[in-house]
Amino acid sequence: MLRQTKYLSSRYNEPDGWSLSAYERDGGYKQAKRVLGGMTRDALIEDMKAANIRGRGGAGFAMGVKWSFMPWPPKPEKPHYLVINADEGEPGTFKDRTIMEKNPHSVVEGCIIGCYGIGAHTAYIYVRDELHLSKERLWGAINEAKAKGYLGKNPFGSDYAVEVFVHTGAGAYICGEETALLNSLEGKRGEPRLKPPFPAQAGAFGMPSTVNNLETIAIVPTALEMGGDAFSKLSELHNLKDGGSRLFGVSGHVNTPGVFEACVGLTLRELIYDLGGGVKGGKLLAVIPGGSSCPILRADDLVSAPNEKSPLFPWNGKSVLDVPLGVDTFRALGTMLGTCCAIVLSDQACPVLAMHNLMRFYRHESCGQCTPCREGSAWIFRIMDRIVAGQASIEELDRLSEIADNIMGNTICAFGEGTAMPALGFLKKFRREFEQYILTRGKSSPNRLTLPGHFAGAAE
Amino acid sequence: MTFALTPERESHLAEILSRYPNRMAATIPVLHLCQEQNGWVSEEIMEWVAHRLGISAAHVKGVATFYTLFNKEPVGRHQVWVCRTLSCALNGADALLHHCEKRLGVHVGGTTKDGSVTLRTAECLAACGQAPMMQVDRDYHENLTLADVDTILDRLTRS
Ligand SMILES: Cc1cc2nc3c(=O)[nH]c(=O)nc-3n(C[C@H](O)[C@H](O)[C@H](O)COP(=O)(O)O)c2cc1C
Ligand code: FES
């Protein structure tokens with residue numbers, strides 16, 4: 001059900017909405033003050049568990065539970081670190097940037113509370129280098145908070161020191177993967193690490209660390225203010241422990257693309273038609289629900305969940321567009337919620353070219369450490385190139401599936417699955433279109449991604 | 001060694017070092033600092049960074065070559081990156097890129113003869129809702145029309 005909210009985005013349209021005075025006018029920093037003013041760590045973690053904040057970075061892990069994994073009590077010789085993931089590189093995803101640009105103090109306040117919750121005194125916010133305005137706004141917020149005595153040795157007069165720093169990458173999608181990010185933070189090549197050890201045991205600089213997505217940490221003050229349970233109950237999927245409200249993005253072939261804040265439980269239909277203004281240039285063909293690593297859904301897909309135990313049972317037989325967007329509901333659909341930023345394809349766009357575009361991305365971004373990923377992503381792209389050039393045979397579609405299958409489970413990090421799963425998704429959902437494309441050398445298809453007349457009048 | 005940071009950047013370097021528990025962690029920010037001054041990361045700069053941070057030159061080279069935003073050769077005065085990933089591609093990125101190539105008279109990866117602009121493609125720049133888009137130096141230009149692109153490129157080639 002569509003219920004729009006204004007927790008993170010209330011000042012998005014105000015010219016100075018990102019400033020400290022605007023943030024404090026709306027009650028900002030009260031929760032950090034309350035926490036450092038004597039809340040126990042146990043009480044904080046319990047409240048965060050009750051909030052059912054599922055990680056907003058893609059994997060959907062419960063944030064409060066993740067905080068509770070940190071070794072306790074912290075040992076003086078092993079300082080803890082809070083690391084915030086603002087690499088925002090997953091194609092289709094553009095939500096964290098809006099928070100950094102328009103509500104950076106929510107991030108700083110979240111970091112203060114998060115540091116206290118995990119026993120850290122230092123937080124690093126890892127921002128991809130290209131986002132210059134985001135970095136500027138975060139540094140600005142940090143400096144403003146520092147000048148007010150909210151950061152430093154004695155925040156809010158307490159003796160719990162907190163420092164927050166912005167760290168930048170230098171252009172590599174893989175650095176969004178949390179262990180690659182940690183290497184990058186340490187000044188190394190952004191290559192993922194083998195797990196275990198998990199970051200809670202050995203993370204940044206070999207010390208116990210928690211990695212949270214930027215939106216995950218930014219919503220913490222809101223959840224605390226409402227109380228964890230009340231926050232969780234905003235969501236239609238509270239019973240699935242998927243709570244609160246979050247940012248949803250929609251891009252591609254919609255009339256009013258953008259980032260919208262709403263209670264968890266919104267459906268794709270509402271995201272595309274009510275918030276995204278409907279499909280432009282044709283009818284809805286398909287939608288990638290939450291960033292390019294999530295397998296694609298067709299507009300005509302129906303839910304098949306006859307088993308009462310399935311989280312999808314209430315929607316059995318209905319359109320996938322009417323399933324509430326949640327971590328478990330979308331996993332059960334065979335795709336993922338991911339970053340909750342959907343990419344919409346109208347029927348004027350060619351699904352073969354869409355897959356070609358994404359597979360070029362993955363080939364380009366594989367860090368090269370694991371052979372199945374490096375070679376597999378290159379091989380998939382080569383075949384896609386041949387298909388698009390009209391040189392492939394139908395049998396090569398099976399080859400594509402085999403290569404993708406061989407990547408699954410054979411890599412250090414989830415980049416491999418993030419490449420293979422969407423590939424398999426396209427091949428499964430559009431098998432007929434792929435076959436026709438190959439047989440007719442592309443004539444069966446609009447053979448374009450951009451809508452006709454996109455740049456009206458100009459030669460395309 | 002002849003490379004040196006400006007005094008202003010030198011004090012910025014000291015501030016960067018104070019953020020981390022060790023000096024290696026400053027590798028990427030310091031490489032950015034050097035590139036900001038020099039336009040690209042030369043062999044000499046990599047050695048200078050290694051020396052200043054007390055780490056091996058091989059490490060610095062390994063890092064500089066891993067990340068696409070470090071220029072390993074001289075580039076134009078202005079950097080243009082056209083995003084070509086899916087949301088932008090669904091909204092005209094290909095046509096926009098070709099338009100840039102024609103207008104500038106270079107292929108992707110190339111620099112105009114007068115050295116004013118280097119044209120490159122980028123992967124998703126987190127502006128998918130404002131597609132098509134391109135980044136010019138530090139700024140994002142979003143919801144672009146071809147006429148917008150002309151205005152932007154003309155300004156760059158004149159400056
Ligand atoms: C290839 C790859 C890229 C990722 N990129 C991002 C990213 O840009 N931002 C992000 O928050 N998480 C990203 N993740 C997920 C992180 O590894 C990690 O799960 C997340 O930062 C944890 O935060 P959360 O629990 O708050 O979601 C990526 C994962 C993989 C495998
Ligand atoms: S696809 Fe171009 S900014 Fe995301």
Side-chain angles (χ1 to χ4, degrees), chain A residues 79 88-94 96-97 124 128-133 163 165 167-173 175 184-191 205 207 249-253 257-259 288 292 341 343-346 349 353-354 357-358 360-361 364-365 367 449-451 454-455 458-460, chain B residues 16 18-32 35 53 55 59-60 62-70 81 83-96 98-99 102 121-132 135 137-140 143-147:
Chain A
E88 189 137 89
E90 174 84 358
T93 307
F94 55 109
D96 293 340
R97 188 183 146 211
Y124 293 104
R128 63 183 294 180
D129 184 57
E130 295 92 332
L131 298 177
H132 293 286
L133 181 58
E163 296 288 356
F165 301 107
H167 183 90
T168 62
Y173 165 67
C175 288
S184 186
L185 171 62
E186 292 179 15
K188 300 171 183 161
R189 295 162 69 89
E191 285 162 349
F205 308 105
M207 301 298 161
V250 60
S251 69
H253 290 155
V259 171
I288 301 175
S292 64
C341 287
I343 307 174
V344 173
L345 270 68
S346 99
L353 292 186
N357 181 286
L358 290 179
R360 196 214 53 235
F361 171 82
H364 184 259
E365 296 296 333
C367 81
L449 288 173
T450 303
L451 298 172
H454 180 89
F455 291 122
E460 284 182 30
Chain B
I16 289 172
S18 73
R19 300 173 194 162
Y20 307 102
N22 65 36
R23 298 170 79 85
M24 184 184 278
T27 306
I28 295 172
V30 172
L31 280 169
H32 277 305
Q35 175 160 299
L53 298 182
I55 56 181
H59 177 88
V60 176
V63 171
T65 49
F66 183 86
Y67 297 95
T68 52
L69 289 179
F70 292 128
W81 287 275
C83 173
R84 58 171 174 174
T85 316
L86 190 54
S87 300
C88 284
L90 291 168
N91 285 291
D94 272 4
L96 198 138
H98 288 148
H99 189 78
K102 260 204 307 213
T121 54
E123 299 297 354
C124 182
L125 287 169
C128 327
Q130 293 83 258
Q135 185 182 355
D137 298 328
R138 295 167 75 93
D139 298 325
Y140 275 27
N143 297 310
L144 290 168
T145 63
L146 299 185

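Proteins come first, then strands; the chains are lettered A, B, ... in the order of their sequence lines, and each starts at number 1. In this text, all values refer to a predicted model and were calculated from it rather than measured experimentally.
Note on A:Ser184, A:Gly258, A:Gly89, A:Ala172: by heavy-atom pairs under 4.5 Å with chain B, the leading option is A:Ser184. Heavy-atom pairs under 4.5 Å with chain A peak, among B:Thr65, B:Leu125, B:Thr145, at B:Leu125. Residue with the most contacts toward chain B among A:Val250, A:Asp96, A:Leu131: A:Leu131 (heavy-atom pairs, distance under 4.5 Å). When each of B:Val60, B:Thr85, B:Leu53 is scored by its heavy-atom pairs under 4.5 Å with chain A, the top score falls to B:Thr85. Highest contact tally toward chain A, considering only B:Pro21, B:Ala131, B:Gly62, is held by B:Pro21 [criterion: heavy-atom pairs under 4.5 Å]. Ranked by non-hydrogen atom pairs under 4.5 Å with chain B, the options A:His253, A:Met207, A:Glu163, A:Glu365 are led by A:His253.
When side chains are defined from C-beta on, A:Ser251 does not count as touching B:Gln130, because their heavy atoms never get closer than 4.5 Å. No side-chain heavy atom of A:Phe94 sits less than 4.5 Å from a side-chain heavy atom of B:Cys124. For the pair B:Thr27 and A:Lys188, the minimum side-chain heavy-atom distance is 4.5 Å or more. No side-chain heavy atom of A:Asp129 sits under 4.5 Å from any side-chain heavy atom of B:Tyr67. A 4.5 Å side-chain heavy-atom check between B:Pro29 and A:Phe165 finds every atom pair outside the cut-off. Looking only at side-chain heavy atoms (C-beta outward), B:Phe66 and A:Cys367 come within less than 4.5 Å of each other. Counting heavy atoms from C-beta outward, B:Leu86 and A:Pro91 have side chains that stay 4.5 Å or more apart. Proximity of A:Glu186 to B:Met24: side-chain heavy atoms (C-beta onward) are nowhere separated by under 4.5 Å.
A:Thr450 places a side-chain N or O within donor-acceptor distance of the main-chain N or O of B:Gly92, the cut-off being under 3.5 Å. Listed for the B:His32 side chain is no donor-acceptor partner under 3.5 Å among the backbone atoms of A:Thr168.
For chain A, no part of B:Ile55 is nearby; none of its heavy atoms comes within less than 4.5 Å. If you measure heavy-atom distances from A:Ser346 to chain B, you find no contacts under 4.5 Å at all. Only the backbone of A:Val344 comes within less than 4.5 Å of a heavy atom in chain B; its side chain stays farther off. If you measure heavy-atom distances from B:Arg23 to chain A, you find no contacts under 4.5 Å at all. Of the two parts of A:Leu133, neither the backbone nor the side chain holds a non-hydrogen atom closer than 4.5 Å to a non-hydrogen atom of chain B. Within the 4.5 angstrom heavy-atom criterion, no atom of A:Tyr173 approaches chain B. If you measure heavy-atom distances from A:Cys175 to chain B, the contacts under 4.5 Å come from the side chain alone. In this structure, the portions of A:Phe361 lying under 4.5 Å from any heavy atom of chain B include both its backbone and its side chain. For B:Ala127, the parts lying under 4.5 angstrom from a heavy atom of chain A are both the backbone and the side chain. Contact of A:Glu191 with chain B is made through backbone and side chain together, with heavy-atom distances under 4.5 Å. In this structure, chain B has heavy atoms under 4.5 Å from both the backbone and the side chain of A:Arg189. Only the side chain of A:Ala349 comes within less than 4.5 Å of a heavy atom in chain B; its backbone stays farther off.
Of all heavy-atom pairs spanning B:Asn22 and A:Phe205, the tightest one is ND2-CD2, 3.7 Å. Across all non-hydrogen atoms, the minimal contact from B:Ile28 to A:Ala170 is CG2-CB, 4.2 Å. Among all heavy-atom pairs drawn from B:Gly129 and A:Pro257, the shortest one is O-CG, 3.3 Å. Residue B:Tyr20 comes nearest to A:Leu185 through the heavy atom pair CE2-CD1, 4.2 Å, listed as atom of the first residue, atom of the second, then distance. The two residues A:Gly187 and B:His59 make their nearest non-hydrogen contact at O-NE2, 2.8 Å. Counting all heavy atoms, side chain and backbone alike, B:Ala89 lies closest to A:Asn357 at CB-ND2, 3.4 Å.
If you take CG on A:Leu449 and OG on B:Ser87, they are separated by 10.5 Å, rounding to the nearest 0.5 Å.
Applying the salt bridge (Lys or Arg N to Asp or Glu O under 4.0 Å) test to A:Glu88 and every residue at least two apart in sequence or in another chain returns nothing.
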How far apart are the C-alpha atoms of A:Arg360 and B:Glu123, what are their side-chain angles, what is the distance that settles it, and do they pass the salt bridge (charged side-chain N to carboxylate O under 4.0 Å, His left out) test?
-> CA-CA 10 Å; A:Arg360 196 214 53 235; B:Glu123 299 297 354; 3.1 Å; yes

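Remark: B:Arg138 does not engage A:Glu130 in a salt bridge, criterion side-chain N to carboxylate O under 4.0 Å.
Between the side chains of B:Tyr140 and A:His132, no donor N or O sits under 3.5 Å from an acceptor N or O.
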